[in-house]
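Remarks on the structure that follows.
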Amino acid sequence: MEKTNKKRGLKFFYALMLPIVFIGGIVAGQLADFSFVNIGTGKPVVSSSSNLDYDSVEEAYDTLVANYDGDLDKAKLIDGLKKGLADATGDPYTEYFSAEESKEFNEQISGSFTGIGAELGKQDNAVVIVAPIKGFPAEKAGIKSKDIILKIDDEDALSLSISDAVKKIRGPADTSVKLNVLRGTEQLEFVIVRSEIKIPSVEYEVLEGNICNIRISRFSDDTDTIVKEAAKACKDKSATSVLLDLRNNPGGYLEQAIRVSSHWVDQGKNIVTEKRSGKVIKEHPATLGQEFKGMKTVVLINSGSASASEIVAGALKDYAVATLVGEKSYGKGSVQEVDPLGGGTSLKITIARWFTPNDKNIDKEGIEPNEKVEITSDQAKAGEDPQRVKALELLK
C-alpha cells in the first residue's frame with residue numbers, strides 16, 4: 001500500500017478477498033486489490049452543481065413514511081441509500097460497507113479468519129471463485145477457479161454481491177456450508193466444513209538443481225520481508241535459478257507487488273501504470289532490491305492469479321527477466337480504495353486501472369504466459385502438475 005499520504009490512506013487490490021478473501025473468509029475479488037486496504041481521503045464534502053437532488057430523495061422518504069404499513073428503521077434506510085448509490089455504478093468492486101461489514105473487511109485483510117479458504121470475484125454479474133487457497137477446505141473439497149456459485153445452502157446466489165456471498169459462506173469453525181456451482185456446463189454440489197484460515201504469504205525452499213522455489217499465496221504487509229529472507233537462504237545454499245509460483249494468488253498490497261518485482265527489475269524502471277479514464281495518473285517505479293537480478297527465473301501463473309500477482313507477472317514478462325508458464329491470469333486490474341464515512345461505515349470505490357510497463361491493460365484481459373501449459377481434470381485428480389514440471393525443465 002502506498003504510504004505517501006496518511007490522510008489518503010492505502011491503495012489495495014481488493015481482488016477478492018473480501019478481498020483477498022477467502023470464502024467463508026473469502027478473499028473476495030476486490031483485494032489491485034484486493035489486491036486490500038482502508039483509505040481515508042480526509043476531504044470535506046463540497047457543495048457543487050453536481051450534487052444530487054435531495055428534494056426527490058426526501059419526497060420518496062416522506063411518501064414511504066406516510067404510506068408504509070410497518071415500522072421503519074431510519075438507520076437502515078440511510079444504509080440502504082448509501083448501498084444503492086454504490087450498486088448503481090454497475091461496478092461489482094464499488095461497494096458500501098456497513099459498520100459490521102467494514103469490521104469484517106479489515107479482519108479479512110489480516111489473513112486470518114474462519115471460512116473455507118477461497119477468493120471470490122464477479123463475472124457477468126455472477127459470483128465466481130477466483131481461486132481456492134491451497135491447503136484449505138475449498139481446495140480439498142474440489143472447488144476450482146472460475147466455478148460460478150449458483151446456490152449457497154440452497155438459496156439462490158446469482159444476484160448476490162460479493163460481500164453478501166461472503167457473509168453467507170463464512171461461519172464458525174467445524175460447521176458446514178453447501179455450495180452449488182456451475183463448472184462449464186456441469187452443475188456440481190459441494191458440502192464444505194469451515195475452519196480457521198491462517199495463511200502464510202510466502203513459502204520457500206531450495207530444490208535439487210540449485211533452484212530457489214518461492215510460492216507467494218498473497219501479497220500481505222510482510223511478503224517482501226519474507227521474500228528477502230528467501231533470497232538470503234537460497235543464496236546461502238548456492239541457488240542459481242528461481243521458480244516463483246503465483247498460481248491461485250488473488251492479490252494484495254500494491255506496495256508489496258512493487259517491492260517483490262524490484263528483486264528482478266532495475267531500480268527506477270516502471271513496474272505498473274495507474275490510469276483513470278485512459279489518462280496516466282501515476283507510474284510506480286521499482287525500488288531497492290534486485291536480489292534475484294540476472295538469475296534465470298520461471299513464474300507460474302493460472303486463472304486464479306489475480307491483481308497484485310498479475311502486476312508482478314506482467315512486469316517480469318515485459319522486461320524479459322522471467323519466463324511465464326501456465327495459463328492466462330484472471331484479469332483483475334482495477335484499483336480500489338476504501339474511504340471511511342463515519343460511524344464505522346465505509347465506501348470502497350474503483351478509482352483506476354492497472355497497465356503493465358508495455359502498456360497492456362490487465363483488467364479483464366489478464367496476462368498471457370510465454371509457455372501455455374494446462375492441467376487437465378484427470379491430471380489434477382492424479383496429483384500431477386505439468387505446469388511445475390515444465391517450469392523445472394526450463395530451469396534445469
Side-chain angles (χ1 to χ4, degrees), residues 117-119 121 123 128-148 181-186 188 190 199-200 202-218 230 234 239-251 260 264 292 295-310 312-318 320-332 362 365-396:
E119 170 96 0
Q123 180 176 304
V128 301
I129 301 295
V130 172
I133 308 302
K134 185 177 181 181
F136 289 101
E139 183 199 46
K140 291 179 179 178
I143 291 290
K144 295 184 180 299
S145 174
K146 301 293 187 181
D147 282 352
I148 298 172
V181 307
L182 180 66
R183 182 179 299 165
T185 58
E186 185 178 11
L188 303 171
F190 299 92
I199 306 172
V202 183
E203 298 174 296
Y204 61 89
E205 63 179 328
V206 177
L207 305 175
E208 181 182 352
N210 295 330
I211 299 171
C212 182
N213 181 48
I214 302 174
R215 170 172 172 72
I216 302 178
S217 61
R218 75 183 187 284
C234 288
T240 56
S241 60
V242 182
L243 174 56
L244 178 62
D245 193 341
L246 298 178
R247 292 177 296 181
N248 293 334
N249 179 323
V260 169
W264 285 268
F292 298 114
M295 294 179 69
K296 189 173 184 179
T297 300
V298 172
V299 179
L300 289 173
I301 61 172
N302 65 4
S303 60
S305 303
S307 194
S309 57
E310 293 177 285
V312 175
L316 270 53
K317 179 183 180 182
D318 282 4
V321 294
T323 300
L324 273 52
V325 172
E327 305 162 50
K328 182 179 178 180
S329 64
Y330 185 82
K332 171 61 174 64
I362 294 174
E365 295 185 21
I367 304 297
E368 292 281 358
N370 299 100
E371 298 275 350
K372 185 174 182 178
V373 180
E374 296 182 345
I375 299 178
T376 66
S377 297
D378 289 341
Q379 288 172 325
K381 290 178 182 178
E384 299 174 2
D385 190 346
Q387 295 171 345
R388 183 178 176 84
V389 170
K390 179 63 176 179
L392 293 173
E393 287 177 359
L394 293 173
L395 290 173
K396 292 178 180 179

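Position 1 is the first residue of the sequence; numbering continues from there.
- Around NZ of Lys140, the count of heavy atoms belonging to other residues, nucleotides or ligands within 6.0 Å does not exceed 12.
- For Lys372, the side-chain contact (heavy atoms from CB on, under 4.5 Å) criterion is met by Pro369, Glu374, not counting sequence neighbours.
- Scanning both residues, Glu371 and Thr323, for their nearest heavy atoms gives CG-CG2, 4.3 Å.
- The shortest distance between side-chain heavy atoms of Leu316 and Phe292 does not fall below 4.5 Å.
- No donor-acceptor pair closer than 3.5 Å links the side chain of Lys396 to the backbone N or O of Ile211.
- Remark: side-chain polar atoms of Glu310 are paired, donor with acceptor, to backbone N or O of Lys332 under 3.5 angstrom.
- Note that CD of Gln123 is 5.5 Å distant from OH of Tyr330, once rounded to the nearest 0.5 Å.
- Considering all non-hydrogen atoms of both residues, Met295 and Ala239 come closest at CE-O, 3.6 Å.
- Contact detail for Ser217 and Pro250: the closest heavy-atom pair is O-CD, 3.3 Å.
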**OP:** Could you walk me through whether Leu207 and Leu392 pass the side chain to side chain contact (heavy atoms under 4.5 Å, CB included) test, one step at a time?
**Re:** CA-CA 10 Å; Leu207 305 175; Leu392 293 173; 4.0 Å; yes

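- Side-chain contact between Trp264 and Leu244 is present, with at least one heavy-atom pair separated by less than 4.5 Å.
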Enumerate donor-acceptor pairs with a distance under 3.5 Å from any side-chain N or O in residues 298-306 to protein atoms, sequence neighbours excluded.
unit_1, atom_1, unit_2, atom_2, d
Asn302, OD1, Asn248, N, 3.0
Asn302, OD1, Gly304, N, 2.9
Asn302, OD1, Ser305, N, 3.3
Asn302, OD1, Ser305, OG, 3.4
Asn302, ND2, Asn248, OD1, 3.2
Ser303, OG, Ser145, OG, 3.0
Ser305, OG, Leu246, O, 2.8
Ser305, OG, Asn302, N, 3.0
Ser305, OG, Asn302, O, 3.3

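- Once rounded to the nearest 0.5 Å, the distance linking CG of Asn210 with OG1 of Thr240 reads 5.0 Å.
- Between Ser307 and Gly251, the closest heavy-atom pair is CB-CA, 3.8 Å.
- Listed here is the closest heavy atom pair of Gly314 and Ile367: CA-CD1, 4.0 Å.
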Original post:
Can you list the steps and then say if Arg388 with Leu243 is a side chain to side chain contact (heavy atoms under 4.5 Å, CB included)?
Top reply: CA-CA 9 Å; Arg388 183 178 176 84; Leu243 174 56; 3.6 Å; yes

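- One finds the OG atom of Ser329 at 7.5 Å from the CD1 atom of Ile362 (value rounded to the nearest 0.5 Å).
- To the nearest 0.5 Å, atom CD of residue Glu203 and atom CD1 of residue Ile214 are 12.0 Å apart.
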**OP:** Show the numbers, then the answer: is there a side chain to side chain contact (heavy atoms under 4.5 Å, CB included) between Ile129 and Val181?
**Re:** CA-CA 9 Å; Ile129 301 295; Val181 307; 5.6 Å; no

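- Applying the side-chain hydrogen bond (donor to acceptor under 3.5 Å, both in side chains) rule to Glu327 yields the partners Gln387; only residues at least two apart in sequence or on another chain are considered.
- Checking Arg247, Gln379, Lys390 one by one against Asp385, the side chain to side chain contact (heavy atoms under 4.5 Å, CB included) holds for a single residue, Arg247.
- The two residues Val321 and Thr297 make their nearest non-hydrogen contact at O-CB, 3.8 Å.
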